[in-house]
Amino acid sequence: MMKEILTYLAKSLVKHPDDVQVVEKKVSEGVVELALSVNQEDMGRVIGRNGKTARALRQLVSARGAVDNIKTQVEIVDN
């Protein structure tokens, strides 16, 4: 569910929604890492000024994970 939320939010922010990719990795029991990859032109939109947009994305995904007692880590990766 968290992967779908992050994908939806990222696609609504960027100019190239077809380039958005989210890879989910289970780090350990109860911990999930999500790797967000976007088009290079859209990196600024996803990170935001002083990282505010990235921080908001992480908080929203974390809040959804808390419902299922899952800790989440969102990483924005370079292509």
Side-chain angles (χ1 to χ4, degrees):
M1 184 68 166
M2 292 162 298
K3 178 180 176 181
E4 291 82 12
I5 290 172
L6 183 58
T7 303
Y8 173 78
L9 292 170
K11 283 185 176 187
S12 65
L13 289 172
V14 299
K15 286 186 177 180
H16 306 283
D18 295 335
D19 294 341
V20 172
Q21 295 180 347
V22 178
V23 177
E24 184 175 340
K25 304 175 202 171
K26 188 171 183 177
V27 177
S28 65
E29 189 63 36
V31 180
V32 173
E33 180 181 304
L34 300 169
L36 172 63
S37 175
V38 297
N39 188 305
Q40 192 65 30
E41 292 179 18
D42 294 324
M43 285 297 278
R45 290 178 176 274
V46 172
I47 295 171
R49 186 169 288 163
N50 294 324
K52 288 183 180 180
T53 305
R55 193 174 12 247
L57 288 171
R58 288 182 178 113
Q59 287 176 340
L60 288 169
V61 172
S62 177
R64 177 60 184 110
V67 171
D68 297 329
N69 285 332
I70 298 173
K71 292 186 180 188
T72 59
Q73 300 169 349
V74 176
E75 183 180 343
I76 301 170
V77 295
D78 237 355
N79 282 341

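This structure is a prediction, so every number in the text was calculated from the model and none was measured.
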* Answer yes or no: is there a side-chain heavy-atom contact under 4.5 Å between Asp42 and Arg45? => yes

* About how many Å separate CD of Glu4 and CG of Leu9, when rounded to the nearest 0.5 Å? -> 11.5 Å

* Measure the shortest side-chain to side-chain distance between Gln40 and Asp78 over non-hydrogen atoms and say whether it is less than 4.5 angstrom. => yes

* Who passes side chain to side chain donor-acceptor pair (under 3.5 Å) against Glu41, sequence neighbours left out? -> His16

* Any link between Met1 and Leu60 through a network of hydrophobic side chains (Ile, Leu, Val, Met, Phe, Trp, Tyr) touching at under 4.5 Å? -> yes

* Do the non-hydrogen side-chain atoms of Leu13 and Leu57 ever get within less than 4.5 Å of each other? -> yes

* Of all heavy-atom pairs between Glu24 and Val32, which one has the smallest distance, and what is that distance? -> CG-CG1, 3.5 Å

* Nearest heavy atoms of Val22 and Lys3, plus distance in Å -> O-CE, 3.0 Å

* **From CG (Asn69) to NZ (Lys71), nearest 0.5 Å** => 10.0 Å

* Asked: Is there a side-chain contact between Met43 and Ile76, using heavy atoms and a 4.5 Å cut-off?
  -> yes

* Asked: Hey, does the side chain of Asp19 reach the backbone of Val38 with a donor-acceptor pair shorter than 3.5 angstrom?
  -> no

* To do: Check whether any side-chain heavy atom of Leu6 lies under 4.5 Å from a side-chain heavy atom of Val74, and answer yes or no.
  => yes

* Structure fact -> Hits for salt bridge (charged side-chain N to carboxylate O under 4.0 Å, His left out) against Glu75, two or more places apart or cross-chain, chain-then-number order -> none

* Answer yes or no: is there a side-chain heavy-atom contact under 4.5 Å between Val20 and Val14? => yes

* Check the pair Leu34 / Gln73 against side chain to side chain contact (heavy atoms under 4.5 Å, CB included), numbers first and verdict last. => CA-CA 6 Å; Leu34 300 169; Gln73 300 169 349; over 6 Å; no

* **CG-OG1 distance between Leu36 and Thr7, expressed to the nearest 0.5 angstrom** => 7.5 Å

* Structure fact -> Tightest non-hydrogen contact, residues Arg55 and Asn50, listed as NH2-O, 3.3 Å

* Mind listing the closest non-hydrogen atom pair of Thr72 and Gly65 along with its distance? => CG2-CA, 4.4 Å

* Write down the atom of Gly48, the atom of Thr53, and the distance for their closest heavy-atom approach. => CA-OG1, 3.5 Å

* Hydrophobic cluster identity match, Val46 and Tyr8, side-chain contacts under 4.5 Å -> yes

